[in-house]
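As structure tokens, the structure follows; a few thoughts come after it.
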Amino acid sequence: MNIGIVPRIRKFYGEQYEFSVDIKLISFIRNVFKKSKIQILFDNKKQKFKIDLLIISGGNDLKYFSKNRENTYKNQLSRFFLKKAIKEKKKVIGVCYGAQFIADFFKSKLKKTSKHVGSHQIRFLPNNLGLNLNEKFVTNSFHEYLIYKLGKKLRPLALANDGSYEAFQVHNKKIFGIMWHPERNKRIKIFDKNLFKKLK
């Protein structure tokens with residue numbers, strides 16, 4: 001499987017920028033997709049787009065929450081590659097920021113929170129994905145913005161105790177968003193592995 005990842009963008013020393021992907025995310029992907037080829041997507045003008053799965057990684061904020069240059073660039077990359085993936089009917093998963101971006105793209109509503117940094121419990125909802133789920137699960141949480149209303153094309157998969165949406169799927173498409181980081185758990189969670197396997 002050919003996998004493309006939109007990286008985190010960070011600014012250093014004036015106008016120097018770093019494109020980064022957590023090595024733990026790479027390890028998680030290689031655990032799920034044994035023979036995968038991974039490409040970091042950092043240029044929306046010259047870069048070839050021959051992938052089976054697009055991952056929009058964590059890091060950065062949506063630009064209407066914070067309009068600095070790195071957030072603006074991450075938003076531009078995410079929008080370009082998401083639209084291309086949708087047009088070419090590729091599979092997509094957004095992790096944390098990536099979930100927020102996909103939710104916003106499909107007209108969901110987000111707001112700032114101070115209660116989603118650390119860990120918290122989530123509750124999985126009935127779904128038709130064939131996933132073997134425990135109803136409740138404690139997950140890591142590193143986001144300052146939550147999704148409080150889903151767009152009409154999105155279907156909820158999991159909720160936090162405050163009623164915000166922790167996971168969702170675009171209706172009738174293999175496009176998912178999860179608000180936690182599967183790569184940051186000490187052990188790989190069965191749900192995370194099974195969900196990513198749905199993207200094979």
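Only a predicted model underlies this, so the values are computations on that prediction, with no experimental measurement involved. Residue indices begin at 1 and follow the sequence shown.
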4.5 Å side-chain heavy-atom contact, Arg184 and Asp22: yes
So how far is it from Gln76 CD to Ile9 CD1, rounded to the nearest 0.5 Å? 9.0 Å
For Lys67 and Thr72, which heavy atoms make the closest approach, and how far apart are they? O-OG1, 3.8 Å
Side-chain heavy-atom pair Leu157, Leu125 within 4.5 angstrom cut-off: no
Quiz item: cation-pi between Lys111 and Tyr148, 6.0 Å / 45°: yes
Using 30° and 60° as the class limits, which term best fits the ring planes of Phe191 and Phe124: parallel, tilted or perpendicular? tilted
Are the side chains of Arg30 and Ser36 in contact, using a 4.5 Å heavy-atom criterion? yes
Please determine whether the number of non-hydrogen atoms from other residues, nucleotides or ligands lying under 6.0 Å from atom NZ of Lys173 exceeds 12. no
Would you mind reporting whether Leu199 and Phe176 have side-chain heavy atoms less than 4.5 Å apart? yes
Please tell me whether Val138 and Ile188 are part of a single hydrophobic cluster in this structure, the criterion being side-chain heavy atoms less than 4.5 Å apart. no
Calculate, to the nearest 0.5 Å, the distance between atoms NZ and CD belonging to Lys24 and Glu183 respectively. 8.5 Å
Same hydrophobic cluster for Ile26 and Phe33, using side-chain heavy-atom links shorter than 4.5 Å among ILVMFWY? yes
For the residue pair Glu166 and His143, establish whether any side-chain heavy-atom pair is separated by less than 4.5 Å. yes
Taking all heavy atoms of Leu150 and all of Arg155, pick out the closest pair and write down the distance. CD1-C, 4.1 Å
For the residue pair Asp192 / Trp180, report whether a side-chain donor-acceptor contact shorter than 3.5 Å exists. yes
For Lys112 and Glu144, run side-chain contact (heavy atoms from CB on, under 4.5 Å): C-alpha distance rounded to whole Å, both residues' side-chain angles, the deciding distance at 0.1 Å, then the answer. CA-CA 6 Å; Lys112 195 172 180 67; Glu144 295 183 341; 3.4 Å; yes
Is the shortest side-chain heavy-atom distance between Phe81 and Ile51 below 4.5 Å? no
Shared hydrophobic cluster for Leu195 and Ile122 (ILVMFWY, side-chain gaps under 4.5 Å): yes
Can you confirm whether more than 12 heavy atoms, excluding those of Lys115, are under 6.0 Å from its NZ atom? no
Can you check whether Arg10 reaches Tyr17 side chain to side chain, under 4.5 Å on heavy atoms? no
Phe168 and Ala103: which non-hydrogen atoms are nearest, and at how many Å? CZ-N, 3.8 Å
For Lys83, look at atom NZ and say whether over 12 heavy atoms of other residues, nucleotides or ligands are found less than 6.0 Å away. no
Please confirm whether the backbone N or O of Asp104 pairs with a side-chain atom of Lys107, one donor and one acceptor, at under 3.5 Å? no
Do Asp162 and His120 have a side chain donor and acceptor closer than 3.5 Å? no
Applying side-chain contact (heavy atoms from CB on, under 4.5 Å) between Ile102 and each of Ile93, Ile147, Leu82, report the one that passes. Leu82
Would you call Lys84 and Glu88 a salt bridge, taking side-chain N to carboxylate O under 4.0 Å as the test? yes
Report the C-alpha separation of Leu110 and Leu62 in whole Å, then their side-chain angles, then the decisive distance to 0.1 Å, and conclude whether the side-chain contact (heavy atoms from CB on, under 4.5 Å) test is met. CA-CA 10 Å; Leu110 295 91; Leu62 298 180; 4.2 Å; yes
Could you tell me whether the side chains of Tyr97 and Asn75 share a donor-acceptor contact shorter than 3.5 Å? yes
Gap separating the CD1 atom of Ile3 from the CG atom of Leu53, nearest 0.5 angstrom: 5.0 Å
Mind telling me whether Phe42 and Phe19 have parallel, tilted or perpendicular rings, with 30° and 60° as the class edges? tilted
Quick one: pull up CZ in Arg8 and CD1 in Ile40 and give me the separation to the nearest 0.5 Å. 14.5 Å
Let me see the working for Ser108 and Leu154 under side-chain contact (heavy atoms from CB on, under 4.5 Å), right down to the final yes or no. CA-CA 9 Å; Ser108 303; Leu154 304 186; 3.3 Å; yes
Would you say Ser119 and Asn140 are linked by a side-chain donor-acceptor pair, where the criterion is simply a distance under 3.5 Å? no
Nearest heavy-atom neighbours spanning Asp52 and Lys90: O-CB, 4.0 Å
Check whether Lys198 reaches the backbone of Lys174 with its side chain - one donor and one acceptor, N or O, closer than 3.5 Å. no
Heavy-atom pair of closest approach, residues Ile55 and Ile29: CD1-CD1, 3.5 Å
Side-chain heavy-atom pair Ile38, Val21 within 4.5 angstrom cut-off: no
Shared ILVMFWY cluster between Ile56 and Tyr64, side chains joined below 4.5 angstrom? yes
Just checking Lys153: does its NZ atom have more than 12 heavy atoms from other residues, nucleotides or ligands closer to it than 6.0 angstrom? no
Audit row: His116, Phe142, side-chain contact (heavy atoms from CB on, under 4.5 Å) steps and yes/no: CA-CA 6 Å; His116 282 229; Phe142 299 97; over 6 Å; no
Here's a test for you: under ring-ring contact (aromatic ring centres under 6.0 Å, His included), which of Phe101, Phe65, Tyr165 qualifies with Tyr145? Phe65
Check Glu15 with Arg69, please: is the shortest side-chain N to carboxylate O separation under 4.0 Å? yes
Test item: side-chain donor near acceptor, Tyr73 and Asn60, under 3.5 Å: no
With no hydrogens and no angle check, do the side chains of Asn2 and Lys50 hold a donor and an acceptor under 3.5 Å apart? no
Closest approach of Cys96 to Gly58 (non-hydrogen atoms, all atoms of both residues): CB-CA, 4.3 Å
